[in-house]
Chemist: 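My questions all concern the structure below.
Naming convention: chains lettered A, B, ... in sequence-line order (proteins, then strands); numbering from 1 in each chain. These figures come from a predicted structure and were not determined experimentally.
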Number of protein chains: 2
Amino acid sequence: MDDNKGKCPGAYSTIEIVTGKWKPMILYQLAQSESVRFNELKRLIPDITQKMLTSHLKELEFHDIIDRKVYAQVPPKVEYSLTEYGRGIVPILSALQNWGKNHLSRLEQMYDHEKTEING
Amino acid sequence: MDDNKGKCPGAYSTIEIVTGKWKPMILYQLAQSESVRFNELKRLIPDITQKMLTSHLKELEFHDIIDRKVYAQVPPKVEYSLTEYGRGIVPILSALQNWGKNHLSRLEQMYDHEKTEING
DNA sequence: CGGCATCCGGCCTGATACTG
DNA sequence: CAGTATCAGGCCGGATGCCG
């Protein structure tokens, strides 16, 4: 990793890429299948707006994390998929998820503990 | 905010915690030593403002990632350190950093390649 | 030394309407 | 189907000044 005087550990580039309210879930969904169409993604992530989905997909494509394949036909068809490079992020997502799940159950435990104290 | 019927990976809780322009670096710095004082952190992260440092530290403390130890004395002294729990994040930071470094060197390679093509 | 309060600008996000 | 365009709001981050 970067030395101290270089101040910023390389984490930022990753965080910048993974950050965004929906990017982790987009990547997660893409990691589940070979390729996903635009509206399918929208269906898989109901709360996302088209604008956010589009812009995030664009960013991810720019960073060469995902691949965008356009079929010149009517009706239009666009498929998104993780690039070989993008698959390198999956383990990080997993780590994030594992930690997050762990964290959530920890929170629940603390909550239960509180309840127990109150009820007991 | 998490699960849309279990579809959302727990990544969010982690991202929420680690996200913030400076949090990764704060955690990184704290991971380097047993404990760090407020102004020391500010010195280690020159570009951060006091406000951001304070608020981020508060959030991290709230999430039980870091410990805040106040010495009732003059001049005041406050030390921050990773909690045992917080140390669980370090591997994630490392993964982030590794991927980030990889990514950066990849970018450099692409840049060099472009230059070569232009110059050649 | 280690904060907090206030104000402010910009980016991120979102709702809605339109296009090829 | 897969976007683009426009407008609006809210939160994040930054600068400055005050306090124990």
Chemist: Would the distance check show the side chain of A:Ser35 and the main-chain N or O of A:Ser81 forming a donor-acceptor pair, the cut-off being under 3.5 Å?
Modeler: no

Chemist: Measure CE/A:Met52 against C1'/C:dC12 and give the value in whole Å, please.
Modeler: 7 Å

Chemist: Test side-chain contact (heavy atoms from CB on, under 4.5 Å) on A:Gln29 and A:Ile45 and set out the steps.
Modeler: CA-CA 9 Å; A:Gln29 298 296 348; A:Ile45 315 172; 4.1 Å; yes

Chemist: How long is the line joining CG of A:Leu53 and P of C:dC12, in whole Å?
Modeler: 17 Å

Chemist: Please state how far atom CD1 in A:Ile48 lies from atom P in D:dA2, giving the value in whole angstrom units.
Modeler: 14 Å

Chemist: Would you classify A:Tyr80 as touching base, sugar-phosphate or nothing, given that sugar-phosphate means primed atoms plus P, OP1 and OP2, and contacts are heavy atoms under 4.0 Å?
Modeler: sugar-phosphate

Chemist: What nucleotide, of C:dG3, D:dT4, C:dC1, holds the atom closest to the side chain of B:Pro75?
Modeler: C:dC1

Chemist: Counting only heavy atoms from other residues, nucleotides and ligands, does the tally under 6.0 Å from CD of A:Gln73 exceed 12?
Modeler: yes

Chemist: Just to be sure I understand the geometry, which residues of residues 31-40 of chain A put a non-hydrogen atom under 4.0 Å away from DNA chain D?
Modeler: A:Arg37, A:Phe38, A:Asn39

Chemist: With heavy-atom distances below 4.5 Å as the criterion, would you say the side chains of A:Ile26 and A:Ile48 are in contact?
Modeler: yes

Chemist: When the distance from NZ of A:Lys42 to P of D:dC1 is rounded to whole Å, what number comes out?
Modeler: 11 Å

Chemist: Could you state the CZ-P distance from A:Arg43 to D:dA2, rounded to the nearest angstrom?
Modeler: 11 Å

Chemist: Please pick, from D:dG13, D:dA15, C:dT13, the nucleotide with the shortest atom-to-atom distance to any side-chain atom of B:Lys21.
Modeler: D:dG13

Chemist: Between B:Leu57 and B:Arg68, is there a side-chain heavy-atom distance shorter than 4.5 Å?
Modeler: no

Chemist: Between C:dC4, C:dG20, D:dG3, which nucleotide has the shortest distance from any of its atoms to the side chain of A:Gln50?
Modeler: D:dG3

Chemist: Specify the separation, in whole Å, of atom CG of B:Leu57 and atom P of C:dC1.
Modeler: 17 Å

Chemist: What is the distance from atom CG of A:Leu27 to atom CH2 of A:Trp22, rounded to the nearest 0.5 Å?
Modeler: 14.0 Å

Chemist: Rounding to an integer number of Å, can you tell me how far A:Ile45 CD1 sits from D:dA2 P?
Modeler: 14 Å

Chemist: Does the side chain of A:Lys23 come within less than 4.5 Å of A:Leu60's, by heavy atoms?
Modeler: yes

Chemist: Holding to side-chain hydrogen bond (donor to acceptor under 3.5 Å, both in side chains), I want the full list of residues that pass it with A:Lys42, two or more places apart in sequence or in another chain.
Modeler: none

Chemist: Provide, to the nearest angstrom, the distance between the CD1 atom belonging to B:Ile15 and the C1' atom belonging to D:dC12.
Modeler: 17 Å

Chemist: From C-beta outward on B:Val78, which listed nucleotide comes closest to its side chain: C:dG2, C:dA15, D:dC1?
Modeler: C:dG2

Chemist: Does B:His56 put a side-chain nitrogen or oxygen below 4.0 Å from OP1 or OP2 of D:dC12?
Modeler: no

Chemist: With the threshold set at under 4.0 Å for non-hydrogen atoms, list the residues of residues 58-70 of chain B touching DNA chain C in residue-number order.
Modeler: B:Lys58, B:Arg68

Chemist: Can you confirm whether the side chains of B:His63 and B:Tyr85 place a donor and an acceptor under 3.5 Å from each other?
Modeler: no

